[in-house]
> 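I have a structure I would like to understand better, so I am pasting it below and will then ask my questions one at a time.
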Amino acid sequence: MADLTTDFLGIRSPNPFWLASAPPTDKEYNVRRAFEAGWGGVVWKTLGAEGPPVVNVNGPRYGVIHGADRRVLGLNNIELITDRPLEVNLEEMARVKADYPDRALIASIMVPCEEEAWKAILPRVAETNADGIELNFGCPHGMSERGMGSAVGQVPEYIEMVTRWCKQYYDRPVIVKLTPNITDIRKPAAAARNGGADAVSLINTINSITSVDLDSFSPEPSIDGKGSHGGYCGPAVKPIALSMVSEIARHEATRGLPISGIGGVTTWRDAAEFMALGCGTVQVCTAAMTYGFRIVEEMCAGLSTWMDEKGYRNVSDFVGRAVPNVTDWKNLNLNYVAKARIDQDLCIKCGRCYAACEDTSHQAIAMKPGRVFEVIDAECVACNLCVDVCPVENCIDMVPMAAGSTDPRTGRVVSPEHADWTTHPNNPAAQAAE
Amino acid sequence: MPTTTTPGIAAGRLPSDMLAENFLDLHPPMSAHEAQVAADRCYFCHDAPCVTACPTGIDIPLFIREIGAGRPDAAAREIFEANILGGMCARVCPTEVLCEGACVREAAEGRPVEIGRLQRHATDELMSRQGHPFARAAATGKRVAVVGAGPAGLACAHRLALKGHEVVILEGAPKPGGLNEYGIAAYKTVDDFAAREADWIIGVGGIEIRHGRWLGRDFTLDELTSDYDAVFLGMGLGGVNALEVEGAQLEGTGDAVGFISELRQAGDLSALPVGRRVVVIGGGMTAVDCAVQSKALGAEEVTIVYRRERAKMGASCYEQDLAASRGVRLVFEAMPVRLIGDDRLEAVEFEYTEAGPEGLRGTGETFRLAADQLFRAVGQTLGTVEGVETAHGKIVTQGSGRTNLDKVWAGGDCALGGDDLTVTAVAQGRDAAEDIHSMLTG
Ligand SMILES: Cc1cc2nc3c(=O)[nH]c(=O)nc-3n(C[C@H](O)[C@H](O)[C@H](O)COP(=O)(O)OP(=O)(O)OC[C@H]3O[C@@H](n4cnc5c(N)ncnc54)[C@H](O)[C@@H]3O)c2cc1C
Ligand SMILES: Cc1cc2nc3c(=O)[nH]c(=O)nc-3n(C[C@H](O)[C@H](O)[C@H](O)COP(=O)(O)O)c2cc1C
Ligand code: SF4
């Protein structure tokens with residue numbers, strides 16, 4: 001049996017599945033039940049400064065994108081940080097941590113961008129015996145209008161400064177949670193590292209309006225006829241999160257910085273993908289909010305059976321394994337030539353590949369009498385669109401051409417050598433280098 | 001109180017709640033959410049096989065996409081443009097051999113997109129919400145007579161009215177709809193849908209129906225051709241074939257179409273008598289409908305006896321399974337040779353058959369089924385229509401329903417070459433209307 005135990009910054013948890021800072025971790029009641037259900041750790045719902053807590057709207061705070069059977073594909077929220085008093089949260093955290101010493105408990109914090117504010121809250125968090133802190137520089141709505149959340153996360157200098165304060169006034173691991181609402185994720189990650197952060201976590205939610213009501217013309221979620229952009233999360237954001245994680249994992253200035261992966265993790269497979277791109281743990285919010293805490297059972301079972309099948313004994317055996325395979329476009333092998341091939345036995349003759357290729361791609365599929373669809377190798381550029389739109393799994397394959405054979409499209413012999421854009425004759429930069 | 005085992009032919013064999021349950025909608029309507037989920041299964045095939053399989057060529061992938069995008073009314077418009085009886089067809093078409101039979105998901109996984117029910121969802125939605133979705137073209141001053149207000153006649157009249165012509169439908173029966181009203185199984189078209197649909201179609205304007213007017217009894221074809229610019233014959237098959245066996249006159253024998261018609265018009269099903277042991281002779285949809293509805297009325301034993309093998313049966317596999325699931329017994333390769341009884345039918349003697357080079361013949365081996373009631377469902381016939389060329393008991397047509405007579409078109413069951421389905425009648429009525437229109441305006 002694979003061992004799912006995770007050691008992240010010296011924080012141990014029985015599995016890599018943590019609940020992200022959000023409603024599922026908003027109070028003792030939830031967190032106790034989450035731990036009973038088997039979650040490896042939680043990042044407590046973000047704490048604010050001492051004093052009267054923030055208030056939330058009293059109307060809908062979530063919007064949604066549904067698939068046809070009302071499957072939740074994406075969720076958007078305009079919720080703020082915890083609206084319960086700091087004192088209450090701290091007491092609850094201390095009690096829960098004492099009762100579940102084997103689970104990770106991280107305090108998420110968002111206070112104004114002033115040294116005093118951080119200096120005031122950090123010792124109090126330390127008293128709870130939480131395993132570490134996560135700096136919420138991510139929430140894109142509400143708090144950002146007050147100079148917090150993503151308003152900090154979008155300015156690398158602020159990130160570095162606040163991180164440094166935290167390392168100064170707090171002696172346990174500091175994780176910086178990044179906002180995806182920037183153009184280059186490597187900059188804030190590098191700033192966090194420069195400030196002394198032990199790890200980054202990402203992504204927080206993405207600026208979004210889920211829909212517009214065409215009767216009232218209000219954005220959704222609508223509060224008395226008006227809407228505000230909210231933060232988008234759930235399965236729809238996973239590709240964005242994976243890419244950002246990979247950027248940090250391979251960029252020179254951030255390589256090796258521990259990462260806690262967040263964004264659309266819904267099943268064990270999503271988690272394994274984040275981990276393959278270098279994440280030591282993953283955090284889950286929307287999936288838990290959609291299906292409840294019990295999904296962690298599927299996640300643990302799925303990950304451990306997959307690890308058994310592959311012969312990985314510990315999660316560290318595969319964390320980061322995909323990182324070396326992420327590269328720049330210019331390094332991709334242009335001598336790799338593939339052709340689509342349709343398995344006529346599996347084909348159900350829907351013609352979607354034909355419509356897609358004929359109307360929008362390379363006119364490389366022929367429709368023959370009897371609705372027989374065949375790839376015309378002399379036209380196929382191997383774009384993969386037909387594979388993507390085909391409703392039958394494995395019906396269309398991308399078959400690499402053997403070295404030495406001739407590509408009927410270009411008339412060129414397929415070379416066994418690697419050749420990419422950096423050396424391509426059409427690349428002015430390559431020519432200049434000669 | 002009679003029960004299912006009361007001997008002879010009796011009414012009220014089942015309590016009214018059971019009767020109601022037995023005659024519930026066979027394919028109940030979909031909720032909006034159910035329709036969304038069902039619509040999502042459509043692959044929006046290129047040059048979709050389902051469209052080719054639909055005799056009226058409805059653009060099925062497009063209308064399903066419109067349902068998926070939350071516009072069932074737009075979907076319905078798409079349907080009605082091709083088939084103004086899309087509501088009835090959604091209920092009665094043997095989709096398993098038409099659109100759904102051609103669905104690629106039928107080939108892939110044996111579970112087609114539920115095209116029929118989706119079509120019903122869309123058409124119900126539009127018909128319940130607004131009047132007529134189409135407006136008539138400017139009046140042409142031309143007048144066309146349509147004989148028969150069945151699916152063929154209604155489709156033809158509607159399309160002609162849309163083009164701006166004035167249409168008079170001459171219909172012998174007191175209600176419009178043809179077999180939609182008098183023939184289709186009750187559980188396929190509940191809540192008086194046939195009448196509501198006919199009203200809705202006529203609602204487009206420019207169509208006058210005159211009931212109680214039989215061609216050949218109340219007027220002649222000659223009169224029509226001189227009074228009108230064109231004539232469409234859509235009178236279906238009014239007569240029924242007889243059973244030529246000994247004892248055919250015994251009390252307790254009847255024809256299936258008449259029985260169903262009576263059932264369809266019955267206000268109170270518990271007043272409708274049915275035998276304890278019913279035998280239905282035939283192998284088409286009529287035989288199945290007659291048998292299933294006899295069973296639903298409370299007959300104890302119902303048997304369909306078909307003279308050929310199962311694969312030759314006119315009723316689709318779905319219909320055969322429906323009959324079996326409702327407790328009807330199916331017997332193949334046997335033909336009636338003698339009806340037994342004094343005055344009243346008591347039993348039927350059958351002989352097994354085998355297919356030989358000369359056609360079907362008896363094997364000599366016989367068996368008997370006890371029976372209080374026997375229904376003939378062995379096909380319908382066209383009476384004679386003066387001057388019109390017929391073959392195989394149907395009107396000969398060319399192209400879009402042109403007969404041998406100038407100015408006279410025909411379509412639906414009365415015309416040669418159709419499939420004797422509601423949907424083919426609609427297609428032929430519509431196409432004839434287009435042809436008449438181009439002749440009148442050409
Ligand atoms: C019992 C039964 C069940 C069926 N079930 C199905 C089914 O489930 N699905 C399916 O697709 N098809 C079914 N069919 C077939 C379908 O009903 C017919 O194919 C369709 O109704 C043919 O339409 P039509 O307009 O040609 O004729 P009809 O529907 O027969 O209409 C003809 C009309 O003309 C009138 N008429 C006849 N003679 C004259 C005259 N001389 N003068 C004036 N008016 C006249 C009649 O009163 C009638 O109103 C069934 C048929 C039967 C008998
Ligand atoms: C309703 C809601 C409230 C959230 N509140 C917080 C918060 O207080 N602090 C924080 O760091 N992230 C917050 N998030 C972001 C999540 O922690 C997480 O980063 C994001 O939802 C992406 O993960 P997911 O795709 O698994 O949901 C919130 C998300 C949701 C849906
Ligand atoms: S891979 Fe692209 S170009 Fe080739 S057949 Fe498929 S869709 Fe057409």
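In what follows, chains are A, B, ... by sequence order, proteins preceding strands, each numbered from 1.
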> Does any heavy atom of chain A fall under 4.5 Å from the side chain of B/Pro61, the backbone, both, or neither of them?
neither
> Counting distance alone, with no hydrogens or angles, which donor-acceptor pairs between chain B and chain A are under 3.5 Å?
residue	atom	partner	partner atom	Å
B/His33	NE2	A/Asp69	OD1	2.9
B/His46	N	A/Cys350	O	2.9
B/His46	O	A/Arg371	NH1	3.4
B/His46	O	A/Arg371	NH2	2.7
B/Asp47	O	A/Arg371	NH1	2.6

> If I compare all heavy atoms of B/Ala108 with all of A/Ile348, which pair ends up nearest, and what's the gap?
CB-CG2, 3.2 Å
> Using the salt bridge (Lys or Arg N to Asp or Glu O under 4.0 Å) criterion, which residues pair with B/Glu309? Sequence neighbours excluded.
B/Lys312
